Amino acid sequence: MPYEVKLAQFEGPLDLLLHLIRKNEVDIYDIPIAIITEQYMDYLHAMEAWSLEIASEFLVMAATLLSIKSRMLLPRTRVAEEEGEEDPRLPLVEQLLEYERCKWAASQLSNMASARAEVYSRSPMDLSPYRNRDIPALDGVTMWDLVDAYRKLYMRLPAAERVAEIRGHVERVEDVMVDLVDKIRRYRRIEFMMLFQSVRTRQSLVTGFLAVLEMIKDGTIACEQSEPFGPLELIWMGD
Amino acid sequence: MELLSALEALLFAVGSEGLDTKEIAAIFDIAPPEAASLCLQLAEKLDERSAGIAVQQVADTWQLVTRPEYAPYLKRMAQSPMQSTLSNAALEVLAIVAYKQPITRGEIEDIRGVQSDRALATLVHRQLVEEKGRADAPGRPILFGTTVDFLRQFGLKSLQELPPLPENMGHDDISLFQLPTERARD
Amino acid sequence: MELLSALEALLFAVGSEGLDTKEIAAIFDIAPPEAASLCLQLAEKLDERSAGIAVQQVADTWQLVTRPEYAPYLKRMAQSPMQSTLSNAALEVLAIVAYKQPITRGEIEDIRGVQSDRALATLVHRQLVEEKGRADAPGRPILFGTTVDFLRQFGLKSLQELPPLPENMGHDDISLFQLPTERARD
């Protein structure tokens with residue numbers, strides 16, 4: 001297994017991409033998109049094989065990479081070239097550079113924190129012996145300010161510590177596939193867009209799309225398009 | 001000499017609790033008589049340079065203290081007009097102490113997620129919070145509780161009069177996901 | 001100079017609470033710039049005699065701390081000011097907030113490419129990051145910025161002390177596409 005245990009260590013798709021770019025020693029301004037996409041997909045498959053949950057952001061990036069790859073394959077017309085059409089990789093490169101700066105800054109902060117941890121202070125001395133007996137009464141601070149302070153403290157607690165864990169937005173392709181199998185078998189034949197009518201986020205749409213691709217690949221369903229740019233129809237192939 | 005400076009750092013950080021000769025010897029991995037002589041050397045060094053602080057020996061314990069001649073400045077500082085309100089940090093710590101007493105500083109910091117020694121010191125200075133013995137835990141940390149002054153300032157007859165904490169602390173927004181039984185728990 | 005020693009005594013007494021320039025000026029009855037210069041003198045004096053302690057400035061507050069080189073001895077007995085380390089995710093979010101504040105959660109997530117609500121919640125809880133109003137955008141999302149505690153915990157005098165972000169992250173070697181003038185800039 002070439003991926004070892006590092007799989008889960010990536011902070012996100014950008015982190016994984018930067019890792020691949022570094023590992024392949026390629027130019028970040030001229031990413032060999034086919035190679036990097038292939039390796040990226042390998043990682044996702046490896047994660048699946050290791051039953052690691054793949055956050056939807058990784059899938060969105062997969063879709064982005066595939067789209068860039070397909071656009072790079074399109075023959076560039078002379079007109080487009082003359083008009084200085086943007087390299088489809090450019091937005092991704094800019095995002096990667098920005099994220100790389102963020103990682104650099106994070107490591108700087110980490111160093112500063114460790115330096116700070118080497119420095120100790122001391123608790124303030126009890127100065128009451130130096131003080132006159134009279135301590136001014138609290139002004140305008142009531143019992144309810146105390147309760148309110150407690151409430152605000154509670155609000156500040158990370159949600160994870162407040163309630164049972166809620167994993168938002170983590171959708172696995174397999175789980176979506178199970179849903180889709182149910183639906184498509186019921187309808188036998190259904191338009192792609194109808195299937196995803198209720199989907200609200202781009203991530204879920206991408207996950208759903210990947211699930212459909214997976215099902216076409218294993219022959220559970222077939223896909224038909226009667227005319228160019230016409231609606232895609234998914235057809236149940238099982239019994 | 002490096003050990004002298006290290007000793008100064010140690011005595012500074014332990015604060016008013018001080019360190020006894022044996023503890024110092026253990027930290028530096030030297031014999032106790034050597035540790036004691038190190039403390040005396042530091043005392044001398046601080047005297048020589050007429051520092052603001054001095055080494056004080058009480059029984060077998062060593063600690064750093066401010067030099068008596070600077071007491072007038074400390075007095076001035078202690079008496080500089082105290083604000084009649086509490087900072088948010090102090091209020092938060094006071095709320096925790098009031099509802100969870102007796103409680104150690106470490107436990108307060110666990111709840112708040114941040115260092116709380118300064119806020120706690122303010123509350124002790126204001127005599128709203130005081131030491132209530134020591135916890136039966138490693139290091140025997142100090143337990144804090146509220147004072148009689150606290151009750152007076154907040155117009156309470158007793159701690160029983162503290163308003164009960166609201167059942168669900170203002171996170172209605174996420175309560176959809178809570179089961180009724182879970183809600184009842186807090 | 002007597003004031004220097006008095007200042008040392010004062011800073012020793014307040015410990016982690018620290019004193020700001022104005023407070024010191026008031027206690028000594030001098031002008032704030034003089035107070036600040038006094039603090040710097042004390043810092044120098046402690047450096048010269050390689051004391052175990054040093055003067056540290058955070059925002060406008062002065063305090064005494066131990067010198068980092070004695071950390072190994074202190075680790076044996078004291079609690080470090082940085083209680084627990086932050087996760088990589090939290091550090092990344094903190095870095096973005098520190099450099100790009102004020103910033104919304106959405107903008108943070110755009111840069112990182114992943115959901116960041118948890119990491120952000122941790123930072124808010126640890127009072128390294130706080131709300132700084134709302135953006136003038138649809139939905140009026142919350143703007144986040146760093147706190148004074150952030151400066152304190154990371155030993156910074158001000159945000160200006162953050163190391164400047166590198167323009168291009170070591171990709172010089174492949175700058176075929178960069179014009180010479182562009183290269184000269186960094």
Side-chain angles (χ1 to χ4, degrees), chain B residues 1-17 19 23-24 26-28 42 45-46 48-54 64-81 88-89 92 105-106 109-115 117-119 121-122 125 139, chain C residues 1-19 23-24 26-29 42 45-46 48-54 61 63-84 121-128 147 149 152-153:
Chain B
M1 216 276 230
E2 200 212 339
L3 275 194
L4 268 192
S5 305
L7 177 63
E8 189 179 18
L10 279 176
L11 290 180
F12 170 81
V14 288
S16 51
E17 277 165 56
L19 284 173
E23 289 170 312
I24 297 169
I27 291 167
F28 289 135
L42 179 63
K45 196 179 146 197
L46 291 176
E48 266 169 31
R49 70 170 185 88
S50 63
I53 50 179
L64 286 176
V65 293
T66 56
R67 245 171 238 281
E69 50 263 52
Y70 303 115
Y73 294 108
L74 290 181
K75 221 175 258 176
R76 245 172 125 164
M77 179 168 71
Q79 288 171 1
S80 61
N88 286 336
E92 210 171 90
R105 194 184 84 185
E109 293 179 343
D110 281 346
I111 296 174
R112 295 189 65 219
V114 283
Q115 263 195 293
D117 51 347
R118 296 178 313 132
T122 305
H125 287 179
Chain C
M1 215 270 225
E2 200 214 342
L3 275 194
L4 270 191
S5 305
L7 176 62
E8 190 178 20
L10 284 177
L11 290 180
F12 174 85
V14 291
S16 55
E17 206 168 342
L19 279 174
E23 290 172 316
I24 296 168
I27 293 166
F28 288 139
D29 209 6
L42 179 61
K45 194 177 146 197
L46 292 176
E48 266 168 30
R49 65 169 189 88
S50 63
I53 51 179
T61 301
Q63 63 173 55
L64 287 176
V65 295
T66 62
R67 250 171 235 281
E69 49 263 51
Y70 305 117
Y73 297 112
L74 286 155
K75 272 183 195 140
R76 298 190 189 184
M77 47 151 259
Q79 188 196 16
S80 166
M82 203 56 186
Q83 293 147 342
S84 53
T122 303
L123 294 173
V124 171
H125 178 225
R126 295 202 31 185
Q127 300 196 334
L128 293 167
T147 62
D149 264 342
R152 199 173 288 132
Q153 291 203 33

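Every heavy atom of this structure was used, including side-chain atoms; hydrogens, water molecules and symmetry mates were not. Lettering of chains follows the sequences in order, A, B, ..., and the numbering in each one begins at 1. The shown structure was predicted, so the numbers you read here are calculated from the model rather than taken from an experiment.
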Side chains of B:Leu3 and C:Tyr73, heavy atoms from C-beta outward: is any pair under 4.5 Å? yes
Heavy atoms only: give me the nearest C:Ile27-B:Arg76 pair and the separation to one decimal. O-CZ, 3.1 Å
Given side chains that start at C-beta, do those of B:Arg67 and C:Glu8 come closer than 4.5 Å, heavy atoms only? no
Do you know the tightest heavy-atom contact between C:His125 and B:Ile111? NE2-O, 2.9 Å
Among B:Asp117, B:Leu7, B:Leu11, B:Thr122, which residue forms the greatest number of heavy-atom pairs with chain C at distances under 4.5 Å? B:Asp117
What closest approach, in Å, do B:Met77 and C:Ala13 show between heavy atoms, and which atom pair accounts for it? CE-CB, 4.2 Å
Is the shortest heavy-atom distance from the side chain of B:Thr66 to the side chain of C:Leu10 under 4.5 Å? no
So which heavy atom on B:Ser50 is nearest to which on C:Ser5, and how close? O-OG, 2.7 Å
Distance, nearest 0.5 Å, that separates CD of B:Gln115 from CZ of C:Arg152: 9.0 Å
B:Ala119: partners by side-chain contact (heavy atoms from CB on, under 4.5 Å), with sequence neighbours left out: B:Ala89, B:Val93
So, the part of B:Leu64 with a heavy atom under 4.5 Å from chain C: the answer is both
B:Ala26 versus chain C, heavy atoms under 4.5 Å apart: side chain, backbone, both or neither? backbone
Shortest non-hydrogen pair, B:Ala9 vs C:Gly52, comes out as CB-O, 3.5 Å
Heavy-atom pair with the smallest gap, counting every atom of B:Arg118 and C:Glu17: CD-CA, 3.2 Å
Does the pair C:Arg126 and B:Arg112 meet the rule for a side chain to side chain contact (heavy atoms under 4.5 Å, CB included), with working shown? CA-CA 7 Å; C:Arg126 295 202 31 185; B:Arg112 295 189 65 219; over 6 Å; no
Presence of salt bridge, B:Arg49 and C:Glu48, under 4.0 angstrom: no
